[in-house]
Amino acid sequence: MAMSWADSVSAAENPAGAASKSAYVPPHLRNRPSIEPPAQASYAGAAALGNDHSGYGVPNVVGSRWSGQRTENRSGYVGGGGRGGGWNGGRGGWDRGREREVNPFTEEDSEPFSEQESSGINFDAYEDIPVETSGDNVPPPVNTFADIDLGEAVNENIRRCKYVKPTPVQRHAIPISLAGRDLMACAQTGSGKTAAFCFPIISGIMRGHFPRPPRPRVAFPLALILSPTRELSCQIHDEAKKFSYQTGVRVVVAYGGAPINQQLRELERGVHILVATPGRLVDLLERARVSLQMIRYLALDEADRMLDMGFEPQIRKIVQQMDMPPPGVRQTMLFSATFPKEIQRLASDFLSSYIFLAVGRVGSSTDLIVQRVEYVQETDKRSHLMDLLHAQRENGVHGKQALTLVFVETKKGADSLEHWLCMNGFPATAIHGDRTQQEREYALRSFKTGHTPIMVATDVAARGLDIPHVAHVVNFDLPNDIDDYVHRIGRTGRAGKSGLATAFFNENNSSLARSLSDLMTEANQEVPAWLSRFAARSNYGGKNRRGGGRFGGRDFRRDSSYNRGAADYYGGANMSSGYASGGYSSHGAAGVTSAWD
DNA sequence: AAAAAAC
């Protein structure tokens with residue numbers, strides 16, 4: 001029988017226990033009738049993971065409706081770990097024993113906005129959001145966080161986050177992940193995807209029994225979360241720390257451009273959930289400072305980006321060529337707002353009989369974002385931007401409460417536009433990949449706090465970053481790919497709030513005309529007549545082609561041009577679709593805060 | 001053609 005990982009850590013601190021290999025009983029559970037239901041045992045184990053939250057060990061019955069044989073298989077994986085000094089080679093054991101955990105809920109940086117904070121999540125706007133799932137035996141959605149027993153400590157963190165009820169993607173994705181199923185999930189930007197994959201991972205780690213980490217000085221994370229940019233990894237790390245506060249689950253982040261030594265120290269102190277960018281992780285793997293052999297959960301955020309040409313080789317190396325358990329042994333979850341069919345096909349290499357979930361149209365923008373397209377010649381872009389900014393300033397929508405994010409195509413372009421804006425009296429900062437990590441983080445912070453309410457950015461800031469109070473996204477240069485456009489404008493209109501997106505369009509963007517006008521039509525936006533003419537002129541059918549119809553949620557396994565040999569991919573014909581089925585809308589309460597990011 | 005991601 002496999003010892004819980006937590007138990008083994010504790011046992012390592014207690015040589016007698018380790019020698020006998022008998023299950024470690026934490027002090028607060030000694031002298032009780034011996035109780036061995038797995039749920040309670042694992043809770044006790046988690047309590048031993050180094051939190052001093054008293055009352056934690058109170059047995060909490062786990063509603064494991066969906067915990068199937070998959071979960072059992074996973075816990076049984078890796079027979080290793082019968083011996084040895086346990087975690088961290090005798091340097092004090094797990095987390096150096098109940099070290100004081102920093103409270104992540106002190107928001108020192110949200111001062112300027114405190115008045116405005118947490119008002120008016122617009123749930124009604126999501127009432128008729130289309131939801132589609134496909135795959136075998138899809139677990140039904142939940143309506144409240146109470147319907148999912150994530151454990152007392154996580155519930156408390158949900159309360160601290162002021163989440164009142166789950167967002168649509170959370171309602172569907174969390175039960176699927178808790179059931180141990182692989183998942184490919186598409187949900188609109190700003191709809192709460194991070195929590196959707198973090199909660200099940202944290203809960204699974206708290207409840208699971210895991211073998212002892214086999215070697216000292218090597219980190220053996222149980223969960224790996226990969227993202228395409230350093231800032232996004234930081235953000236996910238910050239979120240995950242909140243969700244796992246006082247659960248004993250340790251979250252560590254690793255990314256490039258920052259001193260590796262501090263990250264190594266954090267890893268040595270023990271890690272359950274590792275959040276990383278691919279490059280730094282490969283480095284750590286090659287240095288043998290991290291092993292993936294105990295990974296039970298793999299989550300790719302912005303998964304379509306992670307599997308595109310630029311990243312795919314690194315991801316394959318990490319997932320397929322190192323020591324990570326194969327699909328079916330680990331649980332894999334892919335999340336993004338966009339999921340091109342060809343990437344879906346590629347992604348199925350990493351998944352095992354997965355469930356496809358689409359909440360809202362795949363790759364759709366939300367109709368909470370007002371989208372405008374203006375015809376602007378290349379040479380007129382700067383003065384046109386100036387006009388927009390002046391108009392904003394006159395309307396009083398300039399400043400700390402209304403940030404403007406300006407996307408450009410190149411790093412040089414970002415530098416020069418930033419400089420030009422500053423010269424013209426608009427406090428701006430810029431972020432791109434040629435800046436030092438320090439400069440990048442400073443720029444983002446200066447923008448978030450409203451110190452420089454304008455930020456010029458390359459696509460480094462296009463995905464995932466949650467920056468409250470971005471009122472306006474300007475596509476100074478449009479991207480070539482409509483999916484990139486969707487992610488860029490998704491920096492505004494988050495958490496059910498409205499936003500404005502303005503794009504400067506000219507002949508250079510004609511290849512985008514058709515997909516842009518289609519996207520705007522779907523989102524009930526006004527398409528200028530001249531853009532429709534551009535769209536009609538352009539030949540359509542390349543990469544930017546999107547399917548039609550009112551359901552965007554399309555599992556490529558259901559597309560006849562992809563599913564020859566469908567049995568390989570697609571376990572069954574079970575599919576359900578509905579409009580937020582399960583009475584989501586009946587819970588609508590204006591002004592309620594939610595887990596929307 | 002550009003952007004991102006390790007040292």
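Note on naming: letters A, B, ... go to the chains in the order of the sequence lines (proteins, then strands), and numbering restarts at 1 for each one.
Between the side chain of A:Q344 and the backbone N or O of A:R554 there is at least one donor-acceptor pair closer than 3.5 Å. The main-chain N or O of A:N506 is never found under 3.5 Å from a side-chain atom of A:Q377 such that the two would form a donor-acceptor pair. Panel note: side chain A:E439, backbone A:T436; a donor-acceptor pair is recorded below 3.5 Å.
Here the P atom of nucleotide B:dA4 and the CG atom of A:L307 are 19 Å apart, to the nearest Å. Rounded to a whole Å, the CZ atom of A:R316 is 18 Å from the C1' atom of B:dA5. Atom CZ of A:F311 and atom P of B:dA3 are 14 Å apart (whole Å). Atom NZ in A:K412 sits about 19 Å away from atom C1' in B:dA4, given to the nearest Å. In this structure, A:M306 atom CE and B:dA4 atom C1' are separated by 10 Å, rounded to whole Å. Rounded to whole Å, the distance from CZ on A:R435 to C1' on B:dA3 is 15 Å.
Under 3.5 Å, the side chain of A:N480 and the base of B:dA1 form at least one donor-acceptor pair of N or O atoms.
Residue contacts shown for A:R440 are limited to sugar-phosphate atoms, with no base heavy atom under 4.0 Å away. Using a 4.0 Å heavy-atom criterion, one finds that A:V460 contacts the sugar-phosphate atoms exclusively. Nucleic acid contact class of A:G433 (heavy atoms, under 4.0 Å, all strands): sugar-phosphate only.
In this model, the phosphate group of B:dA2 is not approached by any side-chain N or O of A:T458 to a distance below 4.0 Å at OP1 or OP2. Within the 4.0 Å cut-off from OP1 or OP2 of B:dA6, at least one side-chain nitrogen or oxygen of A:R230 is found. Between A:K411 and B:dA4 there is a side-chain N or O to OP1 or OP2 distance below 4.0 Å.
Side chain to side chain, A:E302 and A:S227 fail the donor-acceptor criterion of an N or O pair below 3.5 Å.
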